[in-house]
Amino acid sequence: MDKINKTLINYFIIKGITDVPGLQAFIFLLVLLIYLLTLAGNMTIFLLICLDRQLHNPMYFFLGNLAILDISCSTITLHKLLAMFVTRNNKIYFPFCIAQMYFFSSFTSIELLILTAMSYDRYVAICSPLYYSSVMNPQACISLALACWLIGFIELVPYTVLLLKLSCYRSNIINHFFCDIMPIIKLSCSDTSALELLIFTEGVFLMSGTPFLLTLISYMFIITSIMGIQSSLGRRKTFYTCSSHLTVVVLLYGTLFFQYLRPTTDTLDSNKMFSLFNTIAVPVLNPIIYSLKNKAVKSALKRRILL
């Protein structure tokens, strides 16, 4: 292990998913397959939304943003992991490590905000259907999406600034498969209390807490409105329009909760497992969930295949 005390470092060594030599080829092929499926699935969703006029509405506009974010999250983490398998070079220079951390965290934050915008879209569609077209007009949707992207990129700047100020590391070996913020903090022998406090407060109250609360409030109104529908068939049909979005929300928030809001006494290896699910499984599952549980997407796909 490279011991580096009280000095800035030039690079980190990414430990990767596992040290077992016999599993390297299998893991490489598995990660490559999942990454290609992620690209194919999300690009299919994005292109369908762009090309099919029947999908030109607010819900699918936000879904297109979600597809781009899933591709971005996977690419920013998995491209380096795949390169490490091929070149057997686990070194990542400090600026690139910080950039990877910044963009991955930003994309995750933007995804939570986009999911919040989608929950608001469902709230307006179900609770105020007569005002839907005027409230969720194209200009409003574009403004909402732009706000999500801008907030996501801006709110990670304080983290990055404080990370750059860390001047002491016990080691340059990151027990992870990409540069995530918590493993880097664990390596530092500088005072990280301000950074950890910022992560907790901003994470709970802004990055995830506020989007989660807004999503929860939207669904409370949605469920109340659905329960007011007289027929059971009408209730099922209305709830079905939210089922894909609700599944993705539960999947993403559940993973992030176990990844970042568990006790700090948990091992980095367990954190790595949750990160694997968040960065590899969630992006490949999203297009499957939206295609299997969404009749409009399935119909659009059939129309494009038959052309």
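Note that the structure is predicted; figures quoted are calculated from it, not measured. Index from 1, following the sequence.
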Does Phe239 CZ have over 12 foreign heavy atoms under 6.0 Å away?
no

Salt bridge (charged side-chain N to carboxylate O under 4.0 Å, His left out) pairs touching residues 43-64, sequence neighbours excluded, are Asp52-Arg303

How close do Cys127 and Pro129 get, heavy atom to heavy atom, and via which atoms?
C-CD, 3.4 Å

Please list, chain by chain and in numerical order, all residues satisfying side chain to side chain donor-acceptor pair (under 3.5 Å) with Tyr219, sequence neighbours excluded.
His245

Sequence neighbours left out, what passes side chain to side chain donor-acceptor pair (under 3.5 Å) with Ser109? Give chain and number order.
Glu155

Derivation of the side chain to side chain contact (heavy atoms under 4.5 Å, CB included) call for Leu144 and Phe62:
CA-CA 9 Å; Leu144 267 176; Phe62 291 119; 4.0 Å; yes

Should Leu214 and Leu246 be regarded as members of a common hydrophobic cluster, given that ILVMFWY residues are connected when their side-chain heavy atoms come within less than 4.5 Å of each other, either directly or indirectly?
no

When you compare the side chain of Ile289 with that of Ser244, does any pair of heavy atoms fall below 4.5 Å?
yes

Heavy-atom check, side chain of Thr215 versus side chain of Met118, under 4.5 Å:
no

Leu197-Leu162 co-clustered via ILVMFWY side chain contacts under 4.5 Å:
no

Share the residues that join Met227 in a hydrophobic cluster, the rule being Ile, Leu, Val, Met, Phe, Trp or Tyr side chains under 4.5 Å apart at the heavy-atom level.
Ile223

If we ignore hydrogens and angles and just use 3.5 Å, is the side chain of Asn57 paired with the main-chain N or O of Met59 as donor and acceptor?
yes

Can you find a pair of side-chain heavy atoms, one from Phe177 and one from Val31, that are under 4.5 Å apart?
no

The reported gap from OG in Ser74 to CZ in Phe107 (rounded to nearest 0.5 angstrom) is 11.0 Å

Hey, are the side chains of Leu81 and Phe178 touching, using non-hydrogen atoms and a 4.5 Å cut-off?
no

Please report the interatomic distance CD1(Ile174) to CG(Leu187), rounded to the nearest 0.5 Å.
6.0 Å

Leu29 side chain reached by Leu33 side chain, heavy atoms, under 4.5 Å
no

How about Cys242 and Ile126: do any of their side-chain heavy atoms sit closer than 4.5 Å?
yes

CG-CD1 distance between Leu30 and Ile280, expressed to the nearest 0.5 angstrom
7.5 Å

To the nearest 0.5 Å, what is the distance between CD1 on Ile199 and CE on Met182?
5.5 Å

Can you tell me how far the OG atom of Ser190 sits from the CZ atom of Arg170, to the nearest 0.5 Å?
9.0 Å

Is there a donor-acceptor pair under 3.5 Å between the side chain of Ser243 and the backbone N or O of Tyr240?
yes

Sorted by chain and residue number, the side-chain contact (heavy atoms from CB on, under 4.5 Å) partners of Thr192 (sequence neighbours excluded) come out as Leu166, Ile185, Ser188, Glu196

Heavy atoms only: give me the nearest Cys73-Phe104 pair and the separation to one decimal.
O-CD1, 4.3 Å

Measuring from Ile181:CD1 to Leu198:CG, what's the distance to the nearest 0.5 Å?
8.0 Å

Report whether Trp149 and Ile154 are members of the same hydrophobic cluster (ILVMFWY, side-chain heavy atoms less than 4.5 Å apart, transitive linking).
no

Residues passing the side-chain contact (heavy atoms from CB on, under 4.5 Å) test with Asp191, sequence neighbours excluded, are Ser193

Hey, does the side chain of Asn137 reach the backbone of Ala140 with a donor-acceptor pair shorter than 3.5 angstrom?
yes

Count I, L, V, M, F, W, Y as connected when their side-chain heavy atoms are under 4.5 Å apart, and connections chain through other members. Are Leu146 and Ile68 then in the same cluster?
yes

For Ser134, side chain to side chain donor-acceptor pair (under 3.5 Å) partners two or more places apart:
none

Tyr131: which residues meet the side chain to side chain donor-acceptor pair (under 3.5 Å) condition with it, sequence neighbours left out?
none

Which residues pass the side-chain contact (heavy atoms from CB on, under 4.5 Å) test with Ser232, sequence neighbours left out?
Arg235, Arg236

If you look at every heavy atom in Thr279 and Leu78, which pair is closest and at what distance?
O-CD1, 4.4 Å

With hydrophobic residues grouped by side-chain heavy-atom distances under 4.5 Å, do Ile229 and Tyr132 end up in a single group?
no

With a 3.5 Å cut-off and sequence neighbours excluded, list the donor-acceptor pairs that the side chains of residues 85-102 form with protein atoms.
from   : atom 1 : to     : atom 2 : distance (Å)
Thr87  : OG1    : Ala83  : O      : 2.7
Thr87  : OG1    : Asn89  : N      : 3.3
Asn89  : OD1    : Lys91  : N      : 3.1
Asn90  : ND2    : Ile14  : O      : 2.7
Gln100 : OE1    : Cys179 : N      : 2.8
Gln100 : NE2    : Ile76  : O      : 2.8
Tyr102 : OH     : Phe153 : O      : 2.6

Kindly give the heavy-atom pair with the smallest separation between Ala145 and Asn65, and that separation in Å.
CB-OD1, 4.1 Å

Working for side chain to side chain contact (heavy atoms under 4.5 Å, CB included), residues Phe61 and Asp121
CA-CA 11 Å; Phe61 169 75; Asp121 169 75; over 6 Å; no

Can you find a pair of side-chain heavy atoms, one from Tyr120 and one from Met136, that are under 4.5 Å apart?
yes

Mind listing the side-chain donor-acceptor pairs of residues 34-51 below 3.5 Å, one per line with the distance, residues two or more places apart or on another chain?
from  : atom 1 : to     : atom 2 : distance (Å)
Tyr35 : OH     : Thr75  : OG1    : 2.9
Thr38 : OG1    : Ile34  : O      : 2.8
Asn42 : ND2    : Thr38  : O      : 2.9
Asn42 : ND2    : Pro283 : O      : 3.0
Thr44 : OG1    : Ala40  : O      : 2.6

Residues in side-chain contact (heavy atoms from CB on, under 4.5 Å) contact with Gln230, at least two apart in sequence or another chain:
none

Test side chain to side chain contact (heavy atoms under 4.5 Å, CB included) on Leu112 and Tyr253; report intermediate values, then the result.
CA-CA 8 Å; Leu112 295 177; Tyr253 274 104; 3.7 Å; yes

